[in-house]
Amino acid sequence: MDPHLLRQLNAARRDRRAAIMLTDLGDGRNRLVMKGDPVAGDLGAAIGKAFLSVRSSVVEADGRRFFLNVHVPSPRMVIIGAVHISQALAPMAQMAGFDVKVIDPRTAFATDERFSGVDLVADWPEDALKERPLDAFTALVAVTHDPKIDDWPLTTALHAGAFYVGALGSRKTHAKRVERFTEAGLGPDQIARIAAPIGLDIGAQSPAEIAVAILAQVIAALRKPADLSEQPSAR
Amino acid sequence: MTAPVPGQISEDQLDPLMVAERWMLDGREVAVATVIETWGSAPRPAGSHLVIDANGNFSGSVSGGCVEGAVIAEAADVIASGEAKMLDFGVADETAWQVGLSCGGRIQVYLERLG
């Protein structure tokens, strides 16, 4: 593998850009193709397909065998609330390959000491998400219990088609949330996309256990999107 | 990169290509193994990496721990010669390899030197 191309590939991955590392299995030569780069012929068509399917595979093109290793940005998880659950959830989600950001305007909660090694923003979600808005590749996890902080990112995530939207709170808290969101003009189908009570029903009690329940539900939404509505919720 | 937290494995430690780059910058010689094809039940999909240095330190995986030992053993050769190798692993009895995949699948691994 070409060391120079490895560094370029890793730089692209850090910048959240999609890339394919191409290896000619005949002579071992590499080529790094960024999404959008024009590549001619059969190989170009195979590269286009690989970017769409996000599947790494061997392809035969122009009389040669190539391995196409597809690298796409990892899914994001935006956690609203620098609370105890988030202290467990953020590192767990990072280990599972998510690009994690924790947002909380309450500076007593959002301290580096509590969130070492985590991208933490002590600001309102409206401001913290300005540069990189929520998108379909984002899971939004709202765990402050406070409508002043949670409501805006929740409705914004629904509008943005985030692949997972979950909110902490009892059934009563959620019923009030549904009322507010209905008044704000969201349809029942949209509101039903909110996982509430948040997390899979595994009887989780401690903050770390609840974090496992949430992370498992987020992974299910990512890998088995059609099944989400059938999954039992807990919290 | 963030400061390591005791008892916690950082993201970069789990990402074999990031590890390979760091090792390379440290002046270590590195081999990169990549799953390029799988048949049947295989624990790791095509594109998965295992990286190995000249002392046998490794990061990542190409199976569920079944064939890593054999790949690591081959890596020294590949690092010394610079010649890439194609390794096939299947059910233990059916291949020349001493190790196999207990899950009954088959994988092909491309092993190459970095640089």
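So that the names make sense, note that chain A is the first sequence line, chain B the second, and so on, each numbered from 1.
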Does any backbone or side-chain atom of [X] lie under 4.5 Å from a heavy atom of chain B? Answer side chain, backbone, both or neither.
{"X": "A:Leu68", "result": "neither"}
{"X": "A:His71", "result": "side chain"}
{"X": "A:Arg55", "result": "neither"}

### Under 3.5 Å: donor-acceptor pair, side chain of A:Arg114, backbone of A:Phe109
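A pair under 3.5 Å: yes.
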### Task
Output yes when a side-chain donor or acceptor of B:Glu68 lies under 3.5 Å from a complementary backbone atom of B:Gly65, and no otherwise.
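Yes, the answer is positive, given that a donor and an acceptor are paired below the 3.5 Å cut-off.
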### Message
Using side-chain heavy atoms (C-beta onward) and a distance below 4.5 Å, is A:Val121 in contact with A:Val102?
### Response
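SC-SC contact between A:Val121 and A:Val102 ruled out.
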Chain A heavy atoms under 4.5 Å from [X]: which part of the residue, side chain, backbone, both or neither?
{"X": "B:Ala20", "result": "both"}
{"X": "B:Thr34", "result": "side chain"}
{"X": "B:Glu83", "result": "neither"}
{"X": "B:Val35", "result": "backbone"}
{"X": "B:Met24", "result": "side chain"}

### Message
So which atom in A:Ala211 and which in A:Ile85 form the shortest heavy-atom distance, rounded to 0.1 Å?
### Response
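Where A:Ala211 meets A:Ile85 most closely, the heavy atoms are CB-O, 4.0 Å.
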### Task
Tell me, out of A:Gly28, A:Ser56, A:Pro3, A:Ser57, who's got the most heavy-atom pairs with chain B below 4.5 Å.
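Looking at each option in turn, the highest pair count goes to A:Pro3.
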#### Entry: Audit row: A:Arg65, B:Glu37, salt bridge (charged side-chain N to carboxylate O under 4.0 Å, His left out) steps and yes/no
CA-CA 12 Å; A:Arg65 278 183 90 217; B:Glu37 285 203 78; 3.2 Å; yes
#### Entry: B:Glu21 and A:Arg14: CA distance, side-chain angles, deciding distance, salt bridge (charged side-chain N to carboxylate O under 4.0 Å, His left out) verdict
CA-CA 13 Å; B:Glu21 180 178 342; A:Arg14 288 190 193 96; 3.7 Å; yes
### Task
Quick one: do A:Lys101 and A:Asp119 satisfy salt bridge (charged side-chain N to carboxylate O under 4.0 Å, His left out)? Show the steps, please.
CA-CA 5 Å; A:Lys101 189 195 264 300; A:Asp119 179 8; 3.4 Å; yes
